[in-house]
Undergrad: 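One structure coming up, written as structure tokens, with questions to follow.
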There are 2 protein chains.
Amino acid sequence: MQKQPTIRDVAAAAGVSVAVVSRVLNPGSGPVAAATRGRVSDVMETLGYHPRTAARELKHGPPTTLGLLLADVSNPFFARLADQVVQEAHSRGIQVLLMTTQEDDQLESERLATLIERRVSGIIATPTGNNLDTWKKLQDMGTDVVFVDRSIPALPAVDVVTINNTESARSATALMAAHGHRRIAIISGPASSTTGRDRIAGYREALDAAGLEQDELLIRSAAFRGAAGGDATTALLSLEDPPTALVVANTAQVTAVLRRLAHAGISIPEELSVIVFEDSPWTELMTPPLTIVRQPIDLLARHSVRLALSNPSGKTSGKPTVVRVDAELIERSSVSRPKPRP
Amino acid sequence: MQKQPTIRDVAAAAGVSVAVVSRVLNPGSGPVAAATRGRVSDVMETLGYHPRTAARELKHGPPTTLGLLLADVSNPFFARLADQVVQEAHSRGIQVLLMTTQEDDQLESERLATLIERRVSGIIATPTGNNLDTWKKLQDMGTDVVFVDRSIPALPAVDVVTINNTESARSATALMAAHGHRRIAIISGPASSTTGRDRIAGYREALDAAGLEQDELLIRSAAFRGAAGGDATTALLSLEDPPTALVVANTAQVTAVLRRLAHAGISIPEELSVIVFEDSPWTELMTPPLTIVRQPIDLLARHSVRLALSNPSGKTSGKPTVVRVDAELIERSSVSRPKPRP
DNA sequence: CATAAAAGTGTAACCGGTTCCATTATGTTT
DNA sequence: AAACATAATGGAACCGGTTACACTTTTATG
């Protein structure tokens with residue numbers, strides 16, 4: 001273990017001042033004779049010199065780090081979002097500090113405190129819905145905050161990137177109706193989440209458009225974490241007049257729902273038509289291949305990163321940006337006509 | 001956008017010196033009268049003061065950031081590893097800088113340069129196998145490097161955390177043999193990777209133990225990325241004497257392999273028994289539920305973080321630590337006796 | 001009560017870069 | 001060749017914390 005050379009070591013070894021070395025380090029910050037530049041570069045090479053980011057950031061914290069605050073990364077949706085965000089950020093020379101909240105406001109609060117202390121230039125987050133003051137404070141500090149996938153209505157000043165949740169649930173439900181289903185159920189995210197609410201709204205719209213009656217018993221909100229999806233499934237199956245179609249609009253609960261259906265011996269689509277909000281490769285490998293709603297994760301990531309870096313310091317723009325991208329309904333084989341009732 | 005207060009602002013507002021404020025910030029670094037502490041804390045609160053991490057790290061770069069360098073995060077295995085590493089790190093007050101290499105040495109090299117400049121205290125990585133000099137340099141600097149999942153034989157001085165690859169492939173292959181299979185194929189990672197080599201070694205051991213002949217045509221190395229898994233599958237299926245059992249020991253290629261099998265209309269396990277190295281929930285939802293090798297990701301993460309933080313600065317310990325955890329073979333329904341040949 | 005020990009506080013240097021500004025070297029113009 | 005613009009370099013302050021050390025005030029001890 002050797003201690004690292006500093007800019008002064010390089011300057012001394014090259015027989016120049018630290019100012020010159022700094023200029024070599026930051027091309028464009030001032031003139032340096034070609035010969036000098038070469039000599040300094042050589043010295044840096046032989047000494048194995050690398051400037052410390054921490055020191056550089058002290059002067060004018062440059063937008064070199066971005067906070068990515070997700071609910072959790074074991075969920076494939078968030079995992080792929082993280083992957084895309086990291087790639088997109090890297091392509092711009094930006095680093096990503098990854099944090100998770102586990103959907104817990106307390107943890108979220110701690111993570112936000114850390115992000116404040118790090119003076120990250122931007123944050124891309126799936127907010128829990130609380131910590132409003134902290135979010136506001138972050139923006140006051142000039143941090144570019146972007147909510148992705150969800151938003152917080154009480155914070156209308158924050159940029160948001162989501163899919164068109166209402167429309168995606170509407171089209172999925174409409175497909176069920178078009179196949180002749182009259183008892184269509186939906187399992188969505190919690191009512192406290194914008195995704196949950198919007199998707200249920202789209203579901204209702206589709207029912208109205210199809211002239212179908214709304215039955216509150218067929219609308220289930222399940223938490224993102226835990227086994228809520230399985231329980232909701234069981235509840236739906238044990239209804240007196242059970243649904244013939246099910247839209248699983250809570251990505252985090254898709255496997256829990258499917259597991260419960262399998263254990264209950266429900267055959268898809270004969271007994272129950274199913275559409276899930278989930279775009280992993282395995283949905284195609286199921287028997288039958290599942291009809292899905294595909295969320296364009298790469299677009300979400302790209303727009304999020306762009307917005308999180310768009311206001312280098314201090315936003316003058318008045319109103320926040322809201323990007324809404326369209327999801328895609330991929331029809332495979334898990335939807336059919338309902339079997340006639342006895 | 002307001003500019004942030006500094007420690008001097010706080011000191012001035014509280015009518016004390018910066019040293020006192022610093023002591024309030026770092027309990028244990030020196031005595032502060034209770035009354036003073038309270039007053040300073042109040043001022044920090046009202047001013048909305050948060051110390052800048054960059055400035056703190058200038059003095060003695062404390063082990064507060066960890067680099068996590070993975071091949072990619074869209075792969076569920078790595079995603080869950082990332083999730084666990086982040087959680088484990090957070091529980092110790094450590095932040096995680098997430099980076100991906102896409103299995104590309106050039107990109108890896110760039111990421112490593114960044115990590116050097118950031119002076120992270122530790123790095124947890126799935127190395128591509130190149131950039132040997134940089135890895136050495138990192139260690140010389142006192143960075144705690146931990147390879148997870150794979151290792152680089154040419155770098156024996158690095159701590160490693162892996163599953164017992166040889167044993168896991170051996171037991172999977174042995175299970176096939178125990179079911180009476182004589183033509184057992186394996187699709188592993190590239191021969192350049194330690195995981196690929198070790199798993200093939202275990203496979204060979206199992207064949208020997210079962211007194212089965214080794215056929216090099218049944219051993220396929222597929223790259224981690226791309227469609228290599230599908231191609232290898234097709235090649236195996238079109239063999240003159242095709243296998244009756246297949247061990248998919250390349251997690252990144254599992255879905256590609258299964259997709260190809262589905263398209264080829266191969267029924268599992270009637271025509272082909274299958275065991276996959278993959279522990280996602282969906283493996284249980286398949287028809288039939290897949291027999292899998294489960295890798296204890298949480299253990300990998302826990303040990304990795306522990307090692308990456310164990311040598312606060314400057315390792316005196318002579319030899320590196322190698323942690324090898326056991327994978328678990330979960331028997332479900334994708335393995336059966338081979339059907340008798342005509 | 002004198003005095004030593006401990007507690008509380010302040011001053012200033014330092015970490016490793018960046019950058020303003022002054023100074024000197026080089027080059028161009030007429 | 002004088003006059004002046006431009007290039008190249010160096011000195012030193014600064015970013016926002018931490019900390020060694022000096023100094024003052026309390027508290028403890030004999």
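Bear in mind the structure is a predicted one, so any value in this text is a computation, not a measurement. By convention in this document, chain letters (A, B, ...) are assigned in the order of the sequence lines, proteins followed by strands, and residues within each chain are numbered from 1.
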Undergrad: Out of the candidates B:Leu309, B:Val145, B:Leu66, only one should pair with B:Ile124 under the side-chain contact (heavy atoms from CB on, under 4.5 Å) rule; please name it.
TA: B:Leu66
Undergrad: If the test is side-chain hydrogen bond (donor to acceptor under 3.5 Å, both in side chains), which one of A:Asn131, A:Thr134, A:Thr101 qualifies with A:Glu108?
TA: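 That would be A:Asn131; it is the only one of A:Asn131, A:Thr134, A:Thr101 passing the side-chain hydrogen bond (donor to acceptor under 3.5 Å, both in side chains) with A:Glu108.
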Undergrad: Scan B:Thr126, B:Val85, B:Asp149 and name whichever one has a side-chain contact (heavy atoms from CB on, under 4.5 Å) with B:Leu70.
TA: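 Answer after filtering B:Thr126, B:Val85, B:Asp149: B:Thr126.
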Undergrad: Considering all heavy atoms of both residues, which atom of B:Thr36 and which atom of B:Val20 are nearest to each other, and what is their separation?
TA: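 So the two residues come closest at CG2-CG1, 3.8 Å.
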Undergrad: Can you give one letter per nucleotide of nucleotides 13-26 of chain D, going 5' to 3': B for a protein heavy atom under 4.0 Å from the base, S for sugar-phosphate only, - for none?
TA: -BBBBBB-------
Undergrad: A:Phe78: which residues meet the ring-ring contact (aromatic ring centres under 6.0 Å, His included) condition with it, sequence neighbours left out?
TA: none
